[in-house]
A.B. asks: 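The structure that follows is given in the form of structure tokens.
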Amino acid sequence: MRQRFLSFIIGLLAVGLIGAPALAQPNYAKVKEYRIERSVPPAAQACIECHRVTTPGVFTDWARSRHANANITCLDCHLIQPGDQDIAQDHEKYYGRSDLPWGEAKYKMPIASIVTPKDCSRCHPDEATQYSKSKHANTIEIMWKLDPWLNKGMNSDNERKTGCYNCHGTVIAMDDKGRIDPDTWPNAGVGRLNLDGSKGACTSCHTRHRFSVGEARKPEACDQCHLGPDHPQIEIYEESKHGTIYHAYQDEYNFDAAGGTWTPGVDYRAPTCAACHMSGSGKEPTSHDVTQRLSWETQAPLTVRPQDFKPFPSGTDWQDERQKMKNICSACHSNAWTNDFYNGFDKAVNEYNDIYFKPAKAKLDELYEKGLLDKTRFFDERLEVEYYELWHHEGRRARMGAMMMAPDYAWWHGFYECKLRFANYMEEANHLIETGRKAYVAEDFPNATGDTTRPVKIFGDK
Ligand code: HEC
Ligand code: HEC
Ligand code: HEC
Ligand code: HEC
Ligand code: HEC
Ligand code: HEC
Ligand code: HEC
Ligand code: HEC
């Protein structure tokens, strides 16, 4: 029996060996082929064939996307739409280049450089509508309503271009030559105001041209903006148990499940940013409005409910939104666990408001009232900076650490530093009040040259 089995195996091996030389010289192409045998119009085929050579990176990303799979071509996104101003003027010349594939006048099409949420909304209307309501989409308006850096001109235009606007977005403009103003684009900030009036760049989470749902589900899609001393969400996440589990098990996570089917427990075992803030779970639908599911406004100086946030009231009810977030937790946690978390979070918010922020604000008002601090500019006196950092840096870290389960941020980077800042601030403020001495004003505050005109496209001429 054993003998017969062995000779059977040997026989199989022999057949395999005879077959081998044929396999050794397979008739395979060395480079991945892309054969267009579907109903793609010739003008769209031209884009693909020429760009495969001129910008292979763009071509390959697209070829590997769900879009390519579904026959969505370059033209579906880049074709000029009625009223579009951002026509790529120099592009026409490539159709006269016989050295380039498909470089013939008969394929010529006017194309737009910028692809906006409005362009995507032709096929993804729900995502675009939800997105347009979020604070992501409306952040330029919020920024100009609130921020002393802009309203008092305390930084330079280039500091804004290379800093603020890469995260928040630019107001895209045309220059006198009818070209896109290079100071305003390329840019992929979440609230970029497009020439067609739509807001945002879908590429801030789904980078072109993969436009992948899996990419947006990973914390890395958020961390380029949600980091640093004033909103360290990625650092907080990394420190939390959820982040620890993500790092230990991410190889087992199924990030590429179809949109709306990403399932807790099945596709991932601990949530990422998107899982808590955007993805659907159980009866909770997916949303592109990150303002949903929030019950506090922890980035504000005084923590308020999102509906009471004056520059941009959310139009939501905080209790409903909290319930939505709890529904997310409930896929993996018992109510006791979730409620205990919210208890600690609410207390942290209230303690921050009452013990640190309100007294510090009252002291600042007193100093202005007594003329000991000068109100015309901000940041040019040390106490203004101390006050700012108390709410904007450690005050946020304390609240945000408690909000997303990061003990080191809640305490060492948070309330611990609040105590130090508060004590120093009060000591200096009381000293001025007792002696009646005015604070030193830094007349040479550096590079406070930024334009303070509010963007007309958002605020009108006023
Ligand atoms: C015959 C070659 C050729 C064809 C056909 C072609 N392109 Fe291009 N395209 C180019 C080259 C070359 C560039 C410039 C790349 C660079 O700046 O180095 C370019 C640039 C672009 C840009 C960037 C333009 C900007 O101002 O930002 C876009 C978008 C674009 N092409 C889309 C398309 C689309 C959509 C089509 C089909 C309707 C198409 N191209 C057809 C050669 C071609
Ligand atoms: C799903 C929509 C979509 C499709 C399909 C699409 N693009 Fe784009 N493309 C974009 C977006 C979005 C940008 C980023 C521009 C912006 O910021 O608005 C872009 C940018 C570009 C750029 C400039 C990139 C750079 O870094 O300079 C080129 C070139 C380009 N596209 C060519 C193509 C070509 C060629 C195809 C087809 C193979 C294609 N696009 C298909 C949406 C699309
Ligand atoms: C002409 C229609 C069309 C346009 C325009 C379009 N899409 Fe799509 N998109 C589709 C289709 C169809 C699918 C589904 C493909 C599938 O299910 O296989 C898809 C899928 C997606 C997905 C899911 C990909 C995944 O990994 O599962 C994302 C994200 C996406 N699109 C983003 C965008 C963005 C951002 C834009 C604008 C820059 C855009 N789309 C423009 C038709 C379009
Ligand atoms: C690294 C990206 C990044 C940079 C650079 C940046 N911000 Fe922000 N900003 C954010 C994020 C993310 C938030 C949201 C914080 C939160 O909700 O926890 C935010 C919040 C804000 C808010 C509060 C909005 C609100 O709803 O209360 C204002 C105002 C603001 N930023 C203005 C600015 C200005 C002005 C600059 C430049 C001087 C700037 N930011 C630089 C990412 C950035
Ligand atoms: C803040 C990050 C972010 C931005 C910006 C963003 N998306 Fe998404 N998008 C996601 C996440 C996360 C998912 C995955 C939801 C899930 O788990 O099913 C997703 C999923 C999708 C899908 C798959 C179907 C679905 O709805 O689940 C489409 C299509 C899509 N996005 C289109 C867009 C369009 C169009 C825009 C611009 C208006 C956009 N996205 C902007 C994060 C983002
Ligand atoms: C376990 C779920 C969970 C995960 C994972 C998570 N968050 Fe949160 N996040 C929350 C909760 C809960 C709140 C507070 C909601 C409220 O206001 O009631 C919150 C609040 C926020 C806020 C609002 C801050 C403000 O302005 O009040 C931002 C911004 C944020 N998270 C970003 C992120 C980012 C970025 C990541 C990933 C690096 C992330 N979150 C991961 C649960 C989560
Ligand atoms: C390109 C930068 C950028 C990226 C990428 C980004 N965000 Fe944001 N996010 C911002 C800015 C700026 C704000 C502040 C908006 C405001 O309040 O004015 C913000 C605010 C938020 C808020 C608070 C909304 C509110 O109503 O207070 C949440 C929650 C949030 N982001 C979640 C996410 C998640 C989750 C991701 C990744 C899937 C992500 N963001 C990716 C820049 C970004
Ligand atoms: C996809 C499943 C999943 C979701 C959704 C989820 N968690 Fe968790 N969470 C876990 C796992 C797994 C752990 C680790 C438990 C352990 O320590 O064994 C954990 C741990 C925790 C911890 C303990 C932290 C620590 O340091 O020990 C808290 C608190 C927590 N989660 C709160 C929440 C809240 C609040 C939500 C909703 C906003 C939420 N979780 C959503 C899976 C999840």
Side-chain angles (χ1 to χ4, degrees), residues 44 47-48 50-52 54-55 57-59 61-63 65 67-68 72-78 86 88 111-116 119-120 123 134-143 146 164 166-169 172 185-192 194 201-209 211 216-226 231 233 239-242 244-245 264-265 268-278 281 289-294 296-300 306 309 311-312 314 325-333 337-338 340-342 344-345 404-407:
C47 323
I48 296 165
C50 187
H51 274 275
R52 177 185 182 157
T54 50
T55 54
V58 167
F59 162 78
D61 273 350
W62 170 79
S65 72
H67 284 139
I72 310 297
T73 68
C74 324
L75 215 45
D76 286 310
C77 289
H78 286 283
D86 55 316
I111 62 150
S113 304
I114 303 176
V115 180
T116 73
D119 296 317
C120 314
C123 306
S134 69
K135 284 228 262 153
H136 271 158
N138 295 285
T139 188
I140 298 184
E141 178 183 335
I142 298 173
M143 222 171 40
L146 280 180
C164 326
N166 270 330
C167 300
H168 288 268
I172 300 180
W185 191 81
N187 176 278
V190 279
R192 152 183 121 175
N194 300 300
C202 306
T203 49
S204 50
C205 296
H206 306 286
T207 53
R208 51 113 185 119
H209 285 87
F211 295 109
R217 286 172 176 151
K218 294 184 181 167
E220 286 82 356
C222 323
D223 71 5
Q224 57 159 312
C225 301
H226 288 275
H231 31 68
Q233 281 96 10
E239 184 196 321
S240 73
K241 265 280 186 291
H242 298 134
T244 313
I245 294 173
Y268 55 94
R269 69 165 290 243
T272 61
C273 319
C276 283
H277 289 284
M278 300 185 71
S281 167
D289 177 359
V290 286
T291 302
Q292 289 187 15
R293 304 182 192 173
L294 302 183
W296 284 115
E297 184 64 53
T298 62
Q299 59 189 336
F309 179 62
F312 194 77
S314 61
M325 184 68 93
K326 283 186 173 177
N327 292 344
I328 303 292
C329 318
S330 71
C332 309
H333 293 298
W337 195 295
T338 308
D340 175 68
F341 154 76
Y342 272 106
F345 173 36
M404 299 198 301
M405 306 104 203

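Ligands are counted one by one from 1 in listed order, and the atoms in each one are counted from 1 as well.
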A.B. asks: Heavy atom under 4.0 Å from ligand 7: found in H277's side chain, backbone, both, or neither?
C.D. replies: side chain
A.B. asks: I need the nearest protein heavy-atom contact for atom 35 (C) of ligand 2: residue, atom name and distance, please.
C.D. replies: H51 CG, 3.2 Å
A.B. asks: Identify, for atom 26 (O) of ligand 7, the protein heavy atom at the shortest distance, and state residue, atom and that distance.
C.D. replies: T291 OG1, 2.9 Å
A.B. asks: Considering only non-hydrogen protein atoms, determine which one is nearest to atom 11 (C) of ligand 7 and report residue, atom name and distance to 0.1 Å.
C.D. replies: V190 CG2, 3.9 Å
A.B. asks: Quick check for you: to the nearest 0.5 Å, what is the distance between D289 atom CG and H136 atom NE2?
C.D. replies: 10.0 Å
A.B. asks: Under 4.0 Å from any heavy atom of S204, which atoms of ligand 7 are there?
C.D. replies: 1 (C), 5 (C)
A.B. asks: How far is atom 5 (C) of ligand 8 from the closest protein heavy atom, and which atom is that?
C.D. replies: I328 O, 3.4 Å
A.B. asks: Would you give the angle at atom 8 (Fe) of ligand 7 between H226 atom NE2 and H136 atom NE2, to the nearest 10°?
C.D. replies: 180°
A.B. asks: What protein N/O/S atoms are found closer than 2.8 Å to atom 8 (Fe) of ligand 8?
C.D. replies: H242 NE2, H333 NE2
A.B. asks: I'd like to know if the side chain of T207 reaches the main chain of T203, judged simply by a donor and an acceptor atom lying under 3.5 Å from each other, with no hydrogens or angles considered.
C.D. replies: no
A.B. asks: Just to be sure I read this right, does ligand 8 sit under 4.0 Å from the backbone of I245, its side chain, both, or neither, counting only heavy atoms?
C.D. replies: side chain
A.B. asks: Of the backbone atoms (N, CA, C, O) and the side-chain heavy atoms from C-beta on, which set of W185 has a member under 4.0 Å from an atom of ligand 2: side chain, backbone, both, or neither?
C.D. replies: side chain
A.B. asks: Measuring from the heavy atoms of Q299, does anything fall under 4.0 Å of ligand 7?
C.D. replies: yes
A.B. asks: H168 heavy atoms, cut-off 4.0 Å: which ligand 7 atoms fall inside?
C.D. replies: 12 (C)
A.B. asks: Which residue owns the protein heavy atom closest to atom 34 (C) of ligand 7, what's the atom, and how far is it?
C.D. replies: C222 SG, 3.5 Å
A.B. asks: Roughly how far apart are N138 CG and E141 CD, rounded to 0.5 Å?
C.D. replies: 6.0 Å
A.B. asks: Quick check: does any side chain N or O of T272 sit under 3.5 Å from a backbone N or O of R217, one acting as donor and the other as acceptor?
C.D. replies: yes
A.B. asks: Could you please give the number of protein N/O/S atoms within less than 2.8 Å of atom 8 (Fe) of ligand 2?
C.D. replies: 2
A.B. asks: Could you check whether atom 37 (C) of ligand 8 has a protein contact, counting only heavy atoms that fall below 4.0 angstrom?
C.D. replies: yes
A.B. asks: With atoms numbered from 1 as shown, which atoms in ligand 8 lie under 4.0 angstrom from a non-hydrogen atom of M325?
C.D. replies: 38 (C)
A.B. asks: Which of the atoms of ligand 7 are close to C225, meaning less than 4.0 Å from one of its heavy atoms?
C.D. replies: 1 (C), 2 (C), 3 (C), 4 (C), 5 (C), 42 (C), 43 (C)
A.B. asks: Could you tell me whether T139 approaches ligand 7 through its side chain, its backbone, both or neither, with non-hydrogen atoms closer than 4.0 Å?
C.D. replies: both
A.B. asks: Please list, in number order, the atoms of ligand 2 under 4.0 Å from a heavy atom of T203.
C.D. replies: 12 (C)
A.B. asks: Distance check, rounded to the nearest 0.5 Å: H277 atom NE2 versus I328 atom CD1?
C.D. replies: 10.0 Å
A.B. asks: What protein heavy atom is closest to atom 24 (C) of ligand 7, reported as residue, atom name and distance in Å?
C.D. replies: L294 CD1, 3.8 Å
A.B. asks: For ligand 2, indicate whether the residue T55 contacts it via side chain, backbone, both or neither (heavy-atom separation under 4.0 Å).
C.D. replies: neither
A.B. asks: Within a distance under 4.0 Å of any heavy atom of F341, pick out the atoms of ligand 8 and give their elements.
C.D. replies: 35 (C)
A.B. asks: Counting heavy atoms only, which of R192, H67, R52 is nearest atom 17 (O) of ligand 2?
C.D. replies: R192
A.B. asks: Nearest 0.5 Å, what's the CE-OG distance between M404 and S240?
C.D. replies: 8.0 Å
A.B. asks: Would a distance-only check, ignoring hydrogens and angles, find a side-chain to backbone donor-acceptor pair under 3.5 Å from W185 to N194?
C.D. replies: no
A.B. asks: Answer with side chain, backbone, both or neither: which part of A216 has a heavy atom less than 4.0 angstrom from an atom of ligand 7?
C.D. replies: backbone
A.B. asks: Please confirm whether A221 approaches ligand 7 to less than 4.0 Å, judged on its heavy atoms.
C.D. replies: yes
A.B. asks: Give the contacting part of S113 toward ligand 2: side chain, backbone, both or neither, where contact means a heavy-atom distance below 4.0 Å.
C.D. replies: backbone
A.B. asks: Quick check on contacts: which atoms of ligand 8 are under 4.0 angstrom from a heavy atom of Y268?
C.D. replies: 1 (C)
A.B. asks: Pull out every atom of ligand 2 sitting under 4.0 Å from any heavy atom of T73, numbered as shown with elements.
C.D. replies: 5 (C)
A.B. asks: Could you state the interatomic distance from OG1 (T139) to NE2 (H168), rounded to the nearest 0.5 Å?
C.D. replies: 5.0 Å
A.B. asks: Once you measure the plane-to-plane angle for H78 and H209, does it fall in the parallel (<30°), tilted (30-60°) or perpendicular (>60°) bin?
C.D. replies: tilted
A.B. asks: Quick test of your reading of the structure: of V290, N138, L146, whose heavy atom lies closest to atom 28 (C) of ligand 7?
C.D. replies: V290
